[in-house]
Colleague: 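Dumping the structure here so I can ask a few things about it.
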Amino acid sequence: MLKVAVIGTGAICSAHIQGYLTFPDKCQIVALCDIYPEKAERINEEFSLQAAVYNDAKTLLEKEDVNLISVCTPPYTHAGLAIDCLDAGKHVLVEKPMASSLEECDAMNEAQQRNNKILSVVAQNRFTTPMMKVKQILEQDMIGTVLHTQVDSFWWRGHSYYDLWWRGTWEKEGGGCTLNHAVHHIDIFQWMQGMPDEITAVTSNTAHDNAEVEDISIAIGRYPNGSLAQITSSVVHHGEEQQLVFQGEKARISVPWKIKASLSQENGFPEANQSLEDQLMEAYNTQPSLTYEGHTGQIQDVIESIQQNKQVLVDGIQGRQTLELITAIYESANYQRTVKLPLTKESPFYTRKGILKNAKHFYEKGKSIENFKNNQITT
Ligand SMILES: NC(=O)c1ccc[n+]([C@@H]2O[C@H](COP(=O)([O-])OP(=O)(O)OC[C@H]3O[C@@H](n4cnc5c(N)ncnc54)[C@H](O)[C@@H]3O)[C@@H](O)[C@H]2O)c1
């Protein structure tokens with residue numbers, strides 16, 4: 001039986017707690033920690049956990065003999081907390097984004113190596129049936145070389161969203177919608193398509209004059225074979241119509257699932273390739289569905305990886321790659337130039353200090369509130 005602790009008992013912690021509670025024969029939540037311990041007490045009561053409550057992680061690590069810790073705190077705390085947990089010999093599941101700089105990601109991965117414990121970065125959208133099916137189909141090479149990828153990470157957040165004390169600043173949130181919202185789609189994009197070798201991007205803040213960070217970015221990635229990807233990250237899109245579209249030589253597939261396949265007529269104009277469309281549909285429909293999706297699916301993966309000593313699906317290397325793409329978007333937009341990947345330690349955005357010094361501040365953060373009355377979120 002794995003003993004579990006959760007650090008940070010705000011909005012997202014319920015998804016972790018529900019995940020752990022789905023596997024009562026495999027794990028038990030024994031400790032909660034928040035700098036506002038009354039929030040941890042409320043969670044204890046809400047889920048009838050009878051967990052010990054702490055107001056700082058160091059004391060929790062000294063007093064509790066836990067195996068696995070979920071880090072559900074704001075981004076600027078992820079690296080410090082995850083490293084302390086790993087150095088205390090615990091496995092760690094850290095919320096997205098992995099950290100607020102590549103330097104911090106590297107330090108986390110070193111701590112993972114040094115302690116030989118699991119470090120998994122939350123990317124719960126991978127753990128959905130449609131994503132897994134599309135990944136499989138791409139791996140079977142049914143659509144030919146991918147020529148264009150479209151990533152629409154469209155979200156909508158009102159002005160007051162950035163009033164929460166840690167949001168809307170480069171120091172504490174670490175970035176805007178590219179880092180904190182599109183991270184989900186950028187993770188899936190690099191998992192399915194691999195890393196492009198250059199990025200050209202533009203960022204803007206169009207509707208949130210209470211935030212230092214961007215509320216929209218548009219980036220273009222280029223692969224060595226000339227194939228292009230366009231990644232739009234936004235919190236100004238009503239309806240949040242998110243999609244990942246892969247345009248292959250032979251067919252187009254996407255999440256949400258939709259297919260089209262064309263053949264060329266004699267004059268180059270398209271006609272439907274019904275046979276390939278049928279094969280793609282068959283490949284999609286015959287794959288099994290996941291038993292557990294979202295955070296619960298990822299928690300299942302982490303628990304099984306600990307118990308069976310196997311590799312987690314989303315490790316610190318994957319988390320770092322996603323952050324590298326995001327960092328390249330920021331660097332490119334900031335200096336209005338194309339950025340080559342991989343980024344090196346010489347990148348002005350490699351360290352947190354560099355980001356704070358160099359990143360464009362769109363506005364000053366306005367109001368700062370400790371907590372919203374309504375803690376319900378959608379993910
Ligand atoms: N995976 C997802 O879909 C998803 C959705 C929302 C948020 N998140 C991520 O989860 C993290 C937390 O976001 P949230 O929306 O739950 O924020 P939140 O502010 O609601 O909760 C964070 C909690 O951490 C506590 N905290 C801050 N510093 C701490 C520290 N040093 N030690 C202990 N507790 C500390 C705060 O008091 C707060 O209760 C962020 O990294 C965010 O990007 C992920």
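Numbering of ligands and ligand atoms starts at 1, following listing order. Atom set for the values below is all heavy atoms of this structure, side chains included, hydrogens, waters and symmetry mates excluded.
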Colleague: Tell me whether the centres of the aromatic rings in Tyr330 and Trp170 are closer together than 6.0 Å.
Modeller: yes
Colleague: Looking only at heavy atoms, what is the nearest atom pair of Val71 and His78, with distance?
Modeller: CG1-CD2, 4.2 Å
Colleague: What pair of heavy atoms forms the shortest contact from Gln298 to Ser120, and how long is it?
Modeller: NE2-OG, 3.1 Å
Colleague: Would you say CD of Glu249 has more than 12 non-hydrogen atoms from neighbouring residues, nucleotides or ligands within 6.0 angstrom?
Modeller: yes
Colleague: With no hydrogens and no angle check, is any side-chain donor or acceptor of Lys365 less than 3.5 Å from a backbone partner on Arg167?
Modeller: yes
Colleague: Please name the residue in the list His237, His184, His238 that meets the ring pair (Phe, Tyr, Trp, His ring centres under 6.0 Å) test with Phe154.
Modeller: His237
Colleague: Ligand 1: which residues have a non-hydrogen atom closer than 4.0 Å?
Modeller: Ile7, Gly8, Thr9, Gly10, Ala11, Ile12, Asp34, Ile35, Tyr36, Lys39, Cys72, Thr73, Pro74, Pro75, His78, Glu95, Lys96, Pro97, Val122, Gln124, Leu164, Trp166, Arg167, Asn180, His184, His295, Ile377, Thr379
